[in-house]
Amino acid sequence: MLSLVRSEPNAFTPEEIELAGLLGRLVATAVQNIRAYEAERKTVDELRRLSALRADFVSLVSHELRTPMAAVIGSARTLQQRWRELTADQRESFLELIAGETGRLAALIGDVLDTSRIEAGTFSFRFGEVDVGQLVRDSVATAQLGQDEVRVLADVREPLPQVRGDVDRLRQVLMNLIDNAVKYSPEGGDVEVRAYGEDGLVRVDVRDRGPGIARDDQRLIFEKFGRVSSGGLARPGTGLGLFIARSIAEAHGGVLEVVSAPDQGSTFTLELPLDGAS
Ligand code: ADP
């Protein structure tokens with residue numbers, strides 16, 4: 001039995017010393033066990049995340065890859081088997097369909113690769129001086145060339161300071177925002193892309209008069225594979241574009257946000273610091 005009476009006021013008994021040692025070993029073992037448990041829990045979480053990603057990927061592949069692939073294979077076969085009986089116009093429309101669908105496939109594969117690089121931390125950037133005004137004008141011209149159902153307007157408020165950034169990645173962000181704005185606009189609608197300098201930042205607003213996005217959905221759309229019904233409009237897509245766009249904005253030390261409400265349209269704002277510091 002442990003004696004609680006000390007021989008000298010400040011000296012510990014051998015039993016107390018042994019007990020302290022035992023307690024120390026017990027605490028050390030407990031800490032080790034907690035750490036092992038934590039590591040195991042992290043591995044399980046990571047496995048769960050990977051498994052969810054794989055499930056997302058499988059469903060993406062079945063929906064988004066199969067449809068364009070079937071169209072490409074079908075059109076190529078038709079052209080091969082019925083070349084002689086088809087008119088020049090019919091051949092032209094099959095070729096157009098093949099070009100359009102393979103373009104969609106290439107964009108989809110690009111998005112999937114970008115996403116896996118972002119997750120792996122190997123998404124690379126080449127920083128230089130970027131003229132955001134020029135980038136806005138170029139992106140608007142490209143969006144306008146690709147379709148004539150929606151009018152896309154550039155409004156660059158000069159003088160606009162240059163920012164430090166990766167011009168190709170920033171173009172990717174703008175094209176994604178403008179393509180979405182066009183995709184969700186009613187026919188004959190306007191999309192406005194406004195660039196301006198404010199508080200030592202450069203901001204680009206992409207505004208549309210589409211169905212808008214409910215407040216509860218506004219977080220989800222920036223997540224990987226995050227898609228919502230957007231006023232009941234079913235549009236093709238993967239739900240990866242805004243996830244990639246926000247990652248690029250953040251790698252520039254910037255932000256990408258949305259202000260929207262149902263039936264009020266949407267305004268996506270890309271905000272970039274001048275020095276590209278992250
Ligand atoms: P995708 O367009 O390929 O589905 P995004 O990540 O670019 O992927 O967009 C995610 C979702 O956000 C879209 O599926 C759509 O529901 C919603 N969204 C994006 N932009 C708009 C917009 N301008 N108006 C309404 N909804 C939008």
Side-chain angles (χ1 to χ4, degrees), residues 53 56-57 59-68 100-101 103-119 123 136 139-140 142-144 146-147 149-154 169-194 203-251 254-271:
L53 185 63
D56 288 340
F57 184 71
S59 76
L60 172 82
V61 168
S62 49
H63 289 106
E64 290 293 323
L65 282 179
R66 274 191 185 182
T67 317
E101 295 298 302
R104 257 181 69 190
L105 281 170
L108 168 66
I109 291 165
D111 279 357
V112 171
L113 283 177
D114 282 352
T115 301
S116 71
R117 287 189 187 121
I118 289 167
E119 303 256 282
F123 198 57
V136 164
S139 307
V140 164
T142 308
Q144 194 64 87
Q147 51 81 42
E149 283 139 25
V150 174
R151 216 153 54 112
V152 190
L153 307 157
R169 298 293 191 207
L170 291 176
R171 183 178 296 113
Q172 184 177 351
V173 174
L174 285 185
M175 284 314 300
N176 178 258
L177 298 180
I178 300 172
D179 282 348
N180 278 347
V182 169
K183 195 158 80 170
Y184 290 98
S185 282
E187 209 176 323
D190 278 352
V191 165
E192 194 193 347
V193 187
R194 198 156 65 95
R203 290 201 174 87
V204 183
D205 292 342
V206 179
R207 186 192 50 71
D208 66 62
R209 303 207 186 280
I213 303 156
R215 208 178 165 73
D216 285 351
D217 292 334
Q218 290 175 12
R219 203 171 52 84
L220 180 76
I221 59 171
F222 291 100
E223 286 178 11
K224 203 174 41 196
F225 301 110
R227 307 198 73 212
V228 297
S229 80
S230 293
L233 288 182
R235 295 281 185 263
T238 58
L240 293 178
L242 289 175
F243 170 75
I244 297 169
R246 182 174 263 181
S247 304
I248 294 174
E250 288 173 355
V255 290
L256 176 60
E257 297 289 354
V258 65
V259 172
S260 182
D263 301 323
Q264 306 285 309
S266 308
T267 301
F268 283 83
T269 300
L270 169 67
E271 193 178 279

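In this chain, numbering begins with 1 at the start of the sequence shown. Just so you know, ligand 1 is whichever comes first in the structure, and atom 1 is the first atom listed for that ligand.
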>> Please confirm whether G210 approaches ligand 1 to less than 4.0 Å, judged on its heavy atoms.
In response: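 Per 4.0 Å heavy-atom rule, G210 does not contact ligand 1.
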> Quick one: does F222 get within less than 4.0 Å of ligand 1, heavy atoms only?
Replying inline: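 Contact check F222 vs ligand 1: negative.
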Tell me whether [X] has any N or O atom under 3.5 angstrom from an N or O of ligand 1.
{"X": "G226", "answer": "no"}
{"X": "G239", "answer": "yes"}
{"X": "G212", "answer": "no"}
{"X": "V228", "answer": "yes"}

Under a 4.0 angstrom heavy-atom cut-off, which atoms of ligand 1 come close to [X]?
{"X": "S266", "result": "24 (N)"}
{"X": "T238", "result": "1 (P), 3 (O), 4 (O)"}
{"X": "N176", "result": "7 (O)"}

> Out of F268, F225, Y184, whose heavy atom sits nearest atom 15 (C) of ligand 1?
Replying inline: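 Residue with the shortest heavy-atom distance to the ligand atom: Y184.
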Quick one: does [X]'s side chain get under 4.5 Å of [Y]'s, heavy atoms only?
{"X": "V173", "Y": "F268", "answer": "no"}
{"X": "I118", "Y": "F243", "answer": "yes"}
{"X": "V140", "Y": "L153", "answer": "no"}

For [Y], is there any backbone N or O sitting under 3.5 Å from a side-chain donor or acceptor partner on [X]?
{"X": "S260", "Y": "G265", "answer": "yes"}
{"X": "Q144", "Y": "V150", "answer": "yes"}
{"X": "R194", "Y": "D205", "answer": "no"}

>> What's the separation between atom CG in N180 and atom OG in S185, rounded to the nearest 0.5 Å?
In response: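 So the gap between those two atoms works out to 10.0 Å.
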> For ligand 1, which part of D217 has a heavy atom less than 4.0 Å away: the side chain, the backbone, both, or neither?
Replying inline: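 Near ligand 1, D217 shows nothing, with every heavy atom at 4.0 Å or more.
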> Applying a 4.0 Å heavy-atom criterion (strictly less than), which segment of I213 is in contact with ligand 1: side chain, backbone, both, or neither?
Replying inline: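 It is the side chain that touches ligand 1; the backbone stays farther off.
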> Got a sec, which residues hit side chain to side chain contact (heavy atoms under 4.5 Å, CB included) with D111, two or more places apart in sequence or on another chain?
Replying inline: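 So D111 forms a side chain to side chain contact (heavy atoms under 4.5 Å, CB included) with T238, L240, I244.
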